[in-house]
Amino acid sequence: MQKTELIFIASPGLSHLVSTAETAKLLLQRDERLSITVLIMKRPNENLTEYYTQKFWSNSNINSRLKLINLPYQENSPVSTNYLFDFIDNQKDPIREIVSNFLKNPSESKLGGLVLDMFCTKFIEIANEFNLPSYVFFTSGACALGLFFHLVELKYEQNQDLHMYKNSDVELSIPCFSVPVPAKVLPAVFVEEGPMSSIFLNYFKRILETNGIMVNTFHELEHFAIESLSNQNKCPKVYPVGPIMSSSSDDEQSTHQGYDEIKKWLDEQPESSVIFLCFGSRESFEEAQVKEIASALEKSGQRFLWSLRKPWGKGMMQIPTEYEDFHEVLPEEFLERTEGTGKVIGWAPQVAVLSHPAIGGFVSHCGWNSTLESVWFGVPIATFPLYAEQQLNAFELVKELGMAEEIRIDFKKDMRGEKPSEIVGSEEIEAAIRRLMVDEGGHRVRNKVKEMKEKSRMALMEGGSSYNAQSVFIEDVIMNVS
Ligand SMILES: O=c1ccn([C@@H]2O[C@H](COP(=O)(O)OP(=O)(O)O[C@H]3O[C@H](CO)[C@@H](O)[C@H](O)[C@H]3O)[C@@H](O)[C@H]2O)c(=O)[nH]1
């Protein structure tokens, strides 16, 4: 049987790679007619990406139809503001060569197109050159996608200057939201002065040129946004195929350094009693903020597991590093006072932690993967967004879906590291932790998340909404190629 090959292109960094590669694996499991190559961009010091790709590879039982290729590392200027995007764009020639070689050497597969990350949409040009379809795998949610398209329209069709929304109190009517959206939750990158706003918008504008968009979401979670996107004439076909995340296999749990100790500690805690704090693959806090969080935890009296890493300074491609000794940054005697009820760790095996019955709440920056993982395990979030589209995700969770407690919705960390960030005080954090974990008032949120957990699992089961969307995507790919 002739296979249809898809080439997935992931942008650098763990949070885009994991859901992209897992989606590739899932589609292969769904249909034997497919084969997939995933192209990976990584810098030499990206140990997590290396670790993940090795684990992914060794866990995969569909090796013969799945290839992972590391694109060659191309150095460029790490000081340029758009370093990340220069880094991605520099991969155009090697990608072009891979596509061209594939077409020159007809194997038993026919090339069905490119599946691009949201920051790889310039590679549509390669698809066009070889007359191939192009698709996007969108690693955030349908509301975020709808917002990006709306901003593209405001800028390019209504000629609006998006900088006017910086520090503005206006509320916007955005088709993907059923409630008005305050300008203060728009991603900083679009409203700040400088070249990045146009660069980002161009990536998203080009999504409109593709044949279809797989979104890592599911209908039951974001039905309003998904239906709104599907009703927009200009929007390519949307396939809500998620939630897709790193699998929490025994192998992952046992290979994570220190997991045994974390698990042993969690096993000793009562059910739903521990609040987990973790802020994504790239984020960490300055000392003053760390101290406020510590104080909030202590005052709340809640048990906690806190993933704490060193600040990474300037630059979009930096990765936080681990503390050698947490005493360096935590309040004096904090570790001693909270011994037994709290535990501070570095990089967390997040999926495994969230799956543990002792976890009852999650203080999160609202990265989309963390959001989906919290839903999947029915763990409610207290929102502490930092950058990218995280304020919008926090707003969606709290105001649109009623599925999270608010520490902050509009808090923004300065990505450029040029000015000190505002510090969120311990009282605010403590109050939200209490609402989330113990207060009667948090009951509604906790129940809603539990309900959504069941729905997320149904969505992926045979006949579920995402299962069906995956089938439609596969049929469309095969139809477009023959
Ligand atoms: O100590 C840690 C920290 C993170 N993770 C994992 O790393 C991923 C983090 O992803 P996400 O929650 O999406 O956060 P970011 O790493 O910040 O992701 C970037 O990419 C996301 C998807 O596009 C966006 O939603 C975010 O705003 C953007 O910052 C998740 O799978 C976590 O389970 C761990 O396993 N251990």
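FYI, side chains are in, hydrogens and waters are out, and symmetry mates aren't considered; it's all heavy atoms of this structure. Not measured: the values here are computed from a predicted model.
A donor-acceptor pair under 3.5 Å is formed between the side chain of Lys413 and the backbone N or O of Ser284. Side-chain N or O atoms of Ser228 include none that pairs as donor or acceptor with a backbone N or O of Phe224 at under 3.5 Å. Checked by atom type and distance alone, the side chain of Arg408 never pairs as donor or acceptor with a backbone atom of Pro385 at under 3.5 Å. No side-chain donor-acceptor contact under 3.5 Å links Thr321 to the backbone of Lys310. Panel note: side chain Thr121, backbone Tyr203; a donor-acceptor pair is recorded below 3.5 Å. In this structure, Glu430 contributes its side chain and Ala296 its backbone to no donor-acceptor pair below 3.5 Å. A donor-acceptor pair is defined here as one N or O able to donate and one able to accept, closer than 3.5 Å; such a pair exists between the side chain of Asn216 and the backbone of Ile244.
Using a 4.5 Å cut-off on side-chain heavy atoms (C-beta onward), Leu221 and Ser456 make no contact. Residues Lys448 and Leu401 have side chains not in contact (no heavy-atom distance under 4.5 Å, counting atoms from C-beta outward). Contact of the Leu460 side chain with the Gln470 side chain is registered, since non-hydrogen atoms from C-beta on lie closer than 4.5 Å. At least one side-chain heavy atom of Val290 sits less than 4.5 Å from a side-chain heavy atom of Leu330. The closest side-chain heavy-atom distance from Glu192 to Lys412 is not below 4.5 Å. For the pair Leu39 and Gln91, the minimum side-chain heavy-atom distance is 4.5 Å or more. Looking at heavy atoms from C-beta onward, Leu229 lies in side-chain contact with Phe149 at the 4.5 angstrom threshold. Contact check for Phe137 versus Val241: side-chain heavy atoms found under the 4.5 Å cut-off.
Atom-to-atom distance recorded for Leu172:CG and Tyr165:OH is 5.0 Å, nearest 0.5 angstrom. The NZ atom of Lys455 sits 10.0 Å away from atom CE of Met458, with the distance rounded to the nearest 0.5 Å. Taking CG of Asn202 as the reference point, atom NZ of Lys122 lies at 7.5 Å (rounded to 0.5 Å). Rounding to the nearest 0.5 Å gives a distance of 11.5 Å between CG of Leu71 and CG of Asn90. Between atom NE2 of residue His16 and atom OG of residue Ser140 there is a gap of 8.0 Å, rounded to the nearest 0.5 Å. The line from CD1 of Ile407 to CD of Glu405 is 10.0 Å long, rounded to the nearest 0.5 Å.
The pair Lys450-Glu454 fails the salt-bridge criterion, with no side-chain N (NZ, NE, NH1 or NH2) lying under 4.0 Å from an Asp/Glu carboxylate O. Between Lys343 and Glu268, none of the side-chain N atoms (NZ, or NE/NH1/NH2) sits under 4.0 Å from a carboxylate O, so this pair counts as no salt bridge.
Between Phe304 and Trp306, the two ring planes are perpendicular [angle over 60°; tilted spans 30° to 60°]. Ring geometry, His365 versus Tyr387: the interplanar angle falls from 30° to 60°, so the pair is classed tilted.
The distance between the ring centers of Phe279 and Phe411 does not fall below 6.0 angstrom. Note: Phe377 and Phe362 fail the aromatic proximity criterion, with ring centroids not under 6.0 Å apart.
Shown here for Pro187 and Phe148, the closest heavy-atom pair between the two residues is CG-CE2, 4.2 Å. The two residues Phe326 and Leu308 have their closest heavy-atom pair at CE2-O, 3.5 Å.
His356 and Asp267 share a side-chain donor-acceptor pair at under 3.5 Å. Side chain to side chain, Thr338 and Glu298 fail the donor-acceptor criterion of an N or O pair below 3.5 Å.
Applying the ring pair (Phe, Tyr, Trp, His ring centres under 6.0 Å) test between Tyr239 and each of Phe473, Phe218, Phe138, Tyr135 identifies Phe473 as the sole match. Test Gln391, Glu389, Gln390 against Asn393 for side chain to side chain donor-acceptor pair (under 3.5 Å) and you get one pass: Glu389.
Within 6.0 Å of CG on Asp169 lie no more than 12 heavy atoms contributed by other residues, nucleotides or ligands. Heavy atoms from other residues, nucleotides or ligands lying under 6.0 Å from CZ of Arg337 number more than 12.
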